[in-house]
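For reference, the structure discussed in these notes is given below.
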Amino acid sequence: MRKESQLTREQLLVRIGAVGVILGSVAVFAFRGLHGDLPTDEGGAAALEHVLEHLNYALVHLGANLGVLLWAVGLSALSSSLTHRVAWAIGRLGAASALVGAAIYIVDFSIDGFALRNLADMWAASPAERADLEFATVLATTILGGVSLSSIIILWGVTPVLYGVAVAREGYPSWLGWAGVMVGAA
């Protein structure tokens, strides 16, 4: 009979967290790359044309949302593996930041993927209503700009800084902690 190695709770959480963070990161980068840059500075018509040319616009948003969710769950698992009191406390703040940031990101990207797709379809089908739909698109992207900024600050700024400090206090290599702090600060 083969003897199975027993993982501690912390080791199991580190493995689950690492898989979530890695797979979530790959998914977010891949789907964000497929999304492309929405030309919001060129007016509503340019944005709507971009969406119409993008056959999988809604699917790309769903994939990015699932990636962010997986990433946030992975970070939450990692924070639960921390054993140093201060690292654990900062990790819990990081987990809260990751989950709140992920929720904001998912709302932002869900509205983007659903509303802009619908506006683009209506714009293509209703030439007489194009001016109103272009205005609605500018309004929607302007509103989403604020939501997106909040997402960037919390999810990609505060969260990596907190995790950088937490892993440094836990005793991980100092370069890892500094990397988190620098990525979040940037």
**Q.** Leu82 side chain near Ile90 side chain, heavy-atom distance below 4.5 Å
**A.** no
Q) Between the main-chain N or O of Leu133 and the side-chain N or O of Thr137, is there a donor-acceptor pair closer than 3.5 Å? A) yes
Q. If we only count heavy atoms from C-beta on, is the Arg32 to Phe109 side-chain gap below 4.5 Å?
A. yes
Q. Do Glu129 and Met122 have side chains that get closer than 4.5 Å, going by heavy atoms?
A. no
Q: Could you tell me the separation between the OH atom of Tyr57 and the CZ atom of Arg117, rounded to the nearest 0.5 Å?
A: 9.0 Å
Q. Any chain of hydrophobic side-chain contacts (each under 4.5 Å) joining Trp175 to Ile22?
A. no
Q: Could you check Phe29, Tyr105, Trp156 and say which one makes a ring-ring contact (aromatic ring centres under 6.0 Å, His included) with Trp71?
A: Trp156
Q.
Between Leu69 and Val100, is there shared hydrophobic-cluster membership here, with clusters defined by ILVMFWY side-chain heavy atoms closer than 4.5 Å?
A. no
Q) Are Leu176 and Met182 joined in one hydrophobic group, where the rule is that I, L, V, M, F, W and Y side chains link up if heavy atoms are under 4.5 Å apart? A) no
Q: Please check if Val28 and Leu34 belong to a single hydrophobic cluster, counting links between Ile, Leu, Val, Met, Phe, Trp and Tyr side chain heavy atoms closer than 4.5 Å.
A: no
Q: State whether the side chain of Thr8 and the backbone N or O of Gln11 hold a donor-acceptor pair below 3.5 Å, judged by distance alone.
A: yes
Q.
I need the minimum non-hydrogen distance between Ala168 and Gly177, along with the two atoms involved.
A. CB-CA, 4.3 Å
Q | Qualifying residue, where the test is side chain to side chain contact (heavy atoms under 4.5 Å, CB included) with Leu78 and the options are Val73, Val21, Ile16 | A | Val21
Q | Approximate separation, where rounding is to 0.5 Å, of Leu13 CG and Thr83 OG1 | A | 11.5 Å
(Q) Could you report the tightest heavy-atom contact between Ala27 and Gly63, atom names first, then the distance? (A) CB-O, 4.5 Å
Q. Does a side-chain heavy-atom distance below 4.5 Å link Leu155 with Ile104?
A. no
Q) With a 4.5 Å limit on heavy-atom distance, are the side chains of Leu116 and Leu119 in contact? A) yes
Q.
Please report the interatomic distance NE2(His50) to CD(Glu42), rounded to the nearest 0.5 Å.
A. 10.5 Å
Q: Please state whether the rings of His35 and His61 are parallel, tilted or perpendicular, taking 30° and 60° as the class boundaries.
A: perpendicular
Q) To the nearest 0.5 Å, how far apart are CD1 in Ile143 and CD1 in Ile111? A) 8.5 Å
Q.
Quick one, Ser80 and Glu10 - any side-chain contact, counting heavy atoms below 4.5 Å?
A. no
**Q.** Ile154-Val183 co-clustered via ILVMFWY side chain contacts under 4.5 Å
**A.** no
(Q) Which residue in the set Val60, Ile106, Leu70 passes side chain to side chain contact (heavy atoms under 4.5 Å, CB included) when paired with Asn65? (A) Ile106
(Q) Return the CG to CD distance between Leu48 and Glu134, rounded to the nearest 0.5 Å. (A) 6.5 Å
**Q.** Contact summary for Val68 and Ala102, nearest pair of heavy atoms
**A.** CG1-CB, 3.5 Å
Q | Spatial distance of atom CG (Asp41) from atom OG1 (Thr141) [nearest 0.5 Å] | A | 9.0 Å
**Q.** Donor-acceptor contact present, side-chain Ser148 to main-chain Leu144, <3.5 Å
**A.** no
Q. Gly91 and Ala166: which non-hydrogen atoms are nearest, and at how many Å?
A. N-CB, 3.9 Å
**Q.** Step-by-step side chain to side chain contact (heavy atoms under 4.5 Å, CB included) determination, Trp123 to Leu52
**A.** CA-CA 9 Å; Trp123 185 78; Leu52 284 174; 3.7 Å; yes
Q: State, with a plain yes or no, whether a side-chain heavy atom of Trp88 is found less than 4.5 Å away from one of Glu170.
A: no
(Q) For a quick test of reading the model, state the closest non-hydrogen atom pair linking Ala46 to Pro39 and the distance between them. (A) O-CG, 3.5 Å
Q. Got Leu75 and Leu99 here, is their nearest side-chain heavy-atom distance under 4.5 Å?
A. no
Q. Under the 3.5 angstrom rule, does the side chain of Ser79 hit a backbone N or O of Ser76 as a donor-acceptor pair?
A. yes
**Q.** Thr142 to Val138 - nearest heavy-atom pair and separation
**A.** OG1-O, 2.7 Å
